[in-house]
Amino acid sequence: MDERLGQSGDTPRRLDGADAPEGVGAPPKFCNRCGVAWDPAWTACPNCARNDRLRASAPGPRTHRQGQRPLRTALCLYFALLGTSAVGIILVTAEALDEPSAWIFVGVADTILVLLWLGGTFRRVRPALAEFARPGWYPLSAALACATCAVAAIFVKAMVSWLRVEELVYTETFFKGGYGWATVILMVCVQPAIIEEIAFRGVILDALAGALGVRDAVIVSSLMFMILHLSVVSFPPLLLIGLVLGWVRVRSGSLYPCMVLHFVHNGLVVLCEMGGW
Amino acid sequence: MSTTTCPHCQAANALGAEFCEQCGKALPAVASAGPRVVAGQDLAATDAGQTVQAEQLRKRAGQATVALVAVGLLSLLGGILVYVLLRGDKHAGELALQFLVINVGLAVIYVALGVWARFNPLPAAIVGLVLFVTIIAINAALAPATLASGIIVKVIIIFALAKAIHAGTQFRRLKAQMGQTGAAGAA
């Protein structure tokens with residue numbers, strides 16, 4: 001007996017559980033929502049279930065209300081993060097703090113701000129945090145991180161030698177301030193991977209998708225990510241990383257592969273510095 | 001009628017099904033005759049009014065192109081001027097080259113945003129505003145005295161970009177509403 005059709009003598013049931021109207025009774029050979037070939041052993045279409053889960057975690061408004069003030073949310077968070085960076089620069093310029101301490105100050109302030117914004121937009125961002133993505137996304141993210149790191153390293157080296165500017169070396173900056181490896185890993189790898197991803201691929205991308213559509217939202221959030229790093233010399237590789245992260249976020253439906261990609265990218269940068277490359 | 005017939009194999013399917021359960025081919029979409037979307041306070045209620053309003057909003061959003069290209073040209077001119085004035089100086093010559101390259105890069109970005117704004121004004125205006133305000137903020141953080149210089153021009157550009165963003169948002173809302181009423185009319 002096919003469970004989907006219920007007991008003998010019952011009204012035949014539709015694939016979504018509702019009673020089927022008269023004339024629709026033959027066992028289906030294809031799912032009527034996604035068209036995939038139907039296995040008689042199924043009680044529900046696994047393809048539709050997976051698509052529903054991905055749709056729930058995709059960026060964009062779930063209700064009309066959630067689409068009403070998306071731009072303001074995205075822009076306010078961006079300008080708040082810009083404000084902390086500006087304060088950090090002022091503290092260094094005024095010699096109130098040294099560079100690594102200012103960096104830590106900005107990192108802590110950004111963490112607080114992003115978590116506050118996340119609290120206010122949690123219902124919208126929650127699906128992306130609840131979705132863990134297929135296991136294949138994680139090694140793919142790590143591989144993409146290797147590619148983006150290689151491109152960034154080549155480009156930055158070329159620009160530094162051409163323009164004869166001083167290259168920023170994260171490890172040296174923190175060691176000079178008396179900080180150790182734990183601080184370097186935390187402030188260069190862990191904190192940006194978690195907080196920047198929640199900010200740009202979580203709150204901002206989701207808010208922009210409501211106003212611009214997903215494709216334009218990925219482009220705009222990547223450009224905002226690039227600009228906030230405040231390094232014109234590194235703009236092209238930052239844009240590339242932002243676009244790759246946005247693509248991973250949209251296709252995987254989860255923030256975790258993005259965090260892995262960001263962590264591995266920054267980790268490789270630190271490793272390259274250790275190796276003197 | 002609570003069933004729909006597949007045009008490929010003539011099998012009966014439940015109303016609302018997207019694919020035929022027997023042959024697997026896509027069924028023709030049925031436009032839903034949902035309630036007519038009520039126009040917002042700022043949006044015209046008639047088709048003719050909406051068309052005129054859409055054109056006006058599109059023109060206003062297109063002001064972003066002018067603002068962005070103007071900023072790009074100003075950046076380029078500023079970079080060239082500083083380079084020409086300081087390139088002969090032994091100490092400042094290298095800095096002048098870096099300043100020129102950065103300003104040329106910014107000019108290229110602004111002009112590219114201006115071109116993008118011709119086709120898609122809303123995202124281009126958002127990015128243009130973000131970039132412009134970021135540069136002003138960072139310059140002010142490094143040298144607070146520069147905040148006041150050219151303040152009128154800065155305010156005009158920020159105002160123009162903000163207006164373009166507002167017009168772009170209204171235009172998209174109006175387009176979405178015109179699309180919905182068009183679909184309801186055809187059903």
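Values reported hereafter were calculated over all heavy atoms of this structure, with side chains retained and with hydrogens, waters and symmetry mates removed.
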Using a cut-off of under 4.5 Å for heavy-atom pairs, which of A/V220, A/I219, A/L75, A/L208 has the most such pairs with chain B? A/V220
Contact check, side chains of A/I227 and A/Y78, non-hydrogen atoms, under 4.5 Å: yes
Which portion of B/I109 sits near chain A, non-hydrogen atoms under 4.5 angstrom: side chain
Max heavy-atom pair count under 4.5 Å with chain B, selected residue of A/L223, A/L228, A/L230, A/L82: A/L82
Which bit of B/T134 comes within less than 4.5 Å of chain A, counting heavy atoms only: side chain, backbone, both or neither? both
Top contributor to chain A contacts, counting heavy-atom pairs under 4.5 Å, from B/C23, B/G105, B/A137, B/A26: B/C23
Quick one: are the ring centres of A/F225 and A/F200 less than 6.0 Å apart? yes
With chain A as the partner, which of B/N120, B/L106, B/V127 has the greatest number of non-hydrogen pairs under 4.5 Å? B/V127
Under 4.5 Å to a heavy atom of chain A? For B/V101 that would be side chain
Distance-only side-chain donor-acceptor flag, A/D110 / A/T84, under 3.5 Å: yes
Between A/N32 and B/E21, is any side-chain donor less than 3.5 angstrom from a side-chain acceptor? yes
I'd like to know if the side chain of A/R249 reaches the main chain of A/R201, judged simply by a donor and an acceptor atom lying under 3.5 Å from each other, with no hydrogens or angles considered. yes
Measure the shortest side-chain to side-chain distance between B/Q10 and B/Q22 over non-hydrogen atoms and say whether it is less than 4.5 angstrom. no
